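Written out below as structure tokens is the structure these notes cover.
Just so you know, these numbers come straight off a predicted model, no measurement behind them. Basis for what follows: all heavy atoms, side chains included, without hydrogens, waters or symmetry-related copies. In this chain, numbering begins with 1 at the start of the sequence shown.
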Amino acid sequence: MRSAVVVVKRFLAGVSLLGTMSIGALPSCPCETIVKLAVTAMPVDSSARGQYGPADLFSRLIERHHWQAARLDRLSVVRTYKVENDKDKTLALEVVVMEYRAPRTKLFTPTSGKGSGFIRHHVFQRLMQAEAKRARANKDPDSLITPENYTLEILGKDRIGSFDCSVVHAIPKRKETDLFEGKIWIDNQDFAIVKISGHLAKSPSFWIKQVDFVRDYQKIDGFWLLSREEAVSAVRIYGKETLTIDYQDYTVNGAGAVQALLTSSRARAVRGWRE
């Protein structure tokens, strides 16, 4: 069980760092700067799309992030945290309602759970506490996704669902646990992230051979929000362990939505449990 704690704690110590331009990350610039960026970060004329180099593309992506963050006053979502071993057996699961209130507040309300109390308390709860602390401190993890930390290469185009995307290869310039190597899919219409896939640039521990991750996003009411996160860690001797976080029932800038989420979350049967 200790291996699960090491894997998840060390991986998610930087999971938001991997969440490039995630709306869940609070902007680090002053409010007046955000408002100014929000005005300039409008969709670009279609004739200009596809003509950007890496620096221009990431500049547009950052502008989009601030444009979205400036308009997000309140957000609620049902999250399901789960840890499985290499035999697809669920070790622990917890359903939580997360509420974000601008500018720096995140509240977590657990509604149900199963499995290892050790993982639920020492892994899931600590992850939530760390995320709330980062929000209060206004520490923007997205600031690491810069040309100073990465070599950015445009690989080509791809289509995810109904979205046409540019695919960017992010190559870290240093081997650090806070950096990653992988691909980023950026929507050509909104310049928002649709998907990230890769692995940590440096193993967080001798016991962990590699941490691979995937983050998927969805568009809700004009906002691009996380839909699912998965991290697979290859642990020496113990095999593989997988952490997933699923996001459901978003409410954006809606009053009175939290109580409805709590009610539906408590009524929802815990799904995906494998004995």
Taking the side chain as every heavy atom from C-beta outward, state whether [X] and [Y] have any atom pair closer than 4.5 Å.
{"X": "Leu225", "Y": "Val252", "answer": "yes"}
{"X": "Met98", "Y": "Leu75", "answer": "yes"}
{"X": "Arg215", "Y": "Leu226", "answer": "yes"}
{"X": "Lys173", "Y": "Leu179", "answer": "no"}
{"X": "Arg126", "Y": "His122", "answer": "yes"}
{"X": "Thr244", "Y": "Arg228", "answer": "yes"}
{"X": "Trp185", "Y": "Asp158", "answer": "yes"}

Is there a donor-acceptor pair closer than 3.5 Å between any side-chain N or O of [X] and the backbone N or O of [Y]?
{"X": "Arg71", "Y": "Trp67", "value": "yes"}
{"X": "Ser197", "Y": "Lys183", "value": "no"}
{"X": "Asn188", "Y": "Ser166", "value": "yes"}
{"X": "Asn253", "Y": "Asp73", "value": "yes"}

Take Leu57 and Phe191 through the test side-chain contact (heavy atoms from CB on, under 4.5 Å) and record every step on the way to the result.
CA-CA 8 Å; Leu57 185 60; Phe191 294 97; 3.9 Å; yes

Taking all heavy atoms of [X] and all of [Y], pick out the closest pair and write down the distance.
{"X": "Pro103", "Y": "Tyr100", "value": "O-OH, 3.4 Å"}
{"X": "Ala135", "Y": "Arg104", "value": "O-CB, 3.3 Å"}
{"X": "Val96", "Y": "Glu94", "value": "CG2-CG, 3.8 Å"}
{"X": "Ala92", "Y": "Arg120", "value": "CB-CG, 4.0 Å"}
{"X": "Val97", "Y": "Thr111", "value": "CG2-CG2, 4.1 Å"}
{"X": "Glu99", "Y": "Ser76", "value": "CG-OG, 3.8 Å"}

Plane angle bin for Phe213 and Phe180 - parallel if under 30°, tilted between 30 and 60°, otherwise perpendicular
perpendicular

Decide whether [X] and [Y] are clustered together by the hydrophobic rule: side chain heavy atoms of Ile, Leu, Val, Met, Phe, Trp, Tyr closer than 4.5 Å, transitively.
{"X": "Leu155", "Y": "Ile184", "answer": "yes"}
{"X": "Ile160", "Y": "Phe223", "answer": "yes"}
{"X": "Val214", "Y": "Val167", "answer": "no"}

Asp216 and Ser227: side chain donor to acceptor below 3.5 Å
no

Side chains of Asp212 and Gln210: do they bring a donor and an acceptor to under 3.5 Å?
yes

What distance separates [X] [atom1] from [Y] [atom2], expressed to the nearest 0.5 Å?
{"X": "Asp221", "Y": "Leu72", "atom1": "CG", "atom2": "CG", "answer": "11.0 Å"}
{"X": "Gln125", "Y": "Gln129", "atom1": "CD", "atom2": "CD", "answer": "6.5 Å"}
{"X": "Glu181", "Y": "His169", "atom1": "CD", "atom2": "NE2", "answer": "4.0 Å"}
{"X": "Ser233", "Y": "His199", "atom1": "OG", "atom2": "NE2", "answer": "13.0 Å"}
{"X": "Cys165", "Y": "Ile186", "atom1": "SG", "atom2": "CD1", "answer": "9.0 Å"}
{"X": "Arg174", "Y": "Tyr150", "atom1": "CZ", "atom2": "OH", "answer": "9.0 Å"}

List the steps and the verdict of side-chain contact (heavy atoms from CB on, under 4.5 Å) for Glu230 and Thr242.
CA-CA 7 Å; Glu230 178 179 287; Thr242 302; 3.8 Å; yes

Partner set under ring pair (Phe, Tyr, Trp, His ring centres under 6.0 Å) for Phe163, not counting sequence neighbours:
Trp224

Test salt bridge (charged side-chain N to carboxylate O under 4.0 Å, His left out) on Asp190 and Lys219 and set out the steps.
CA-CA 10 Å; Asp190 293 342; Lys219 190 175 183 179; 2.7 Å; yes

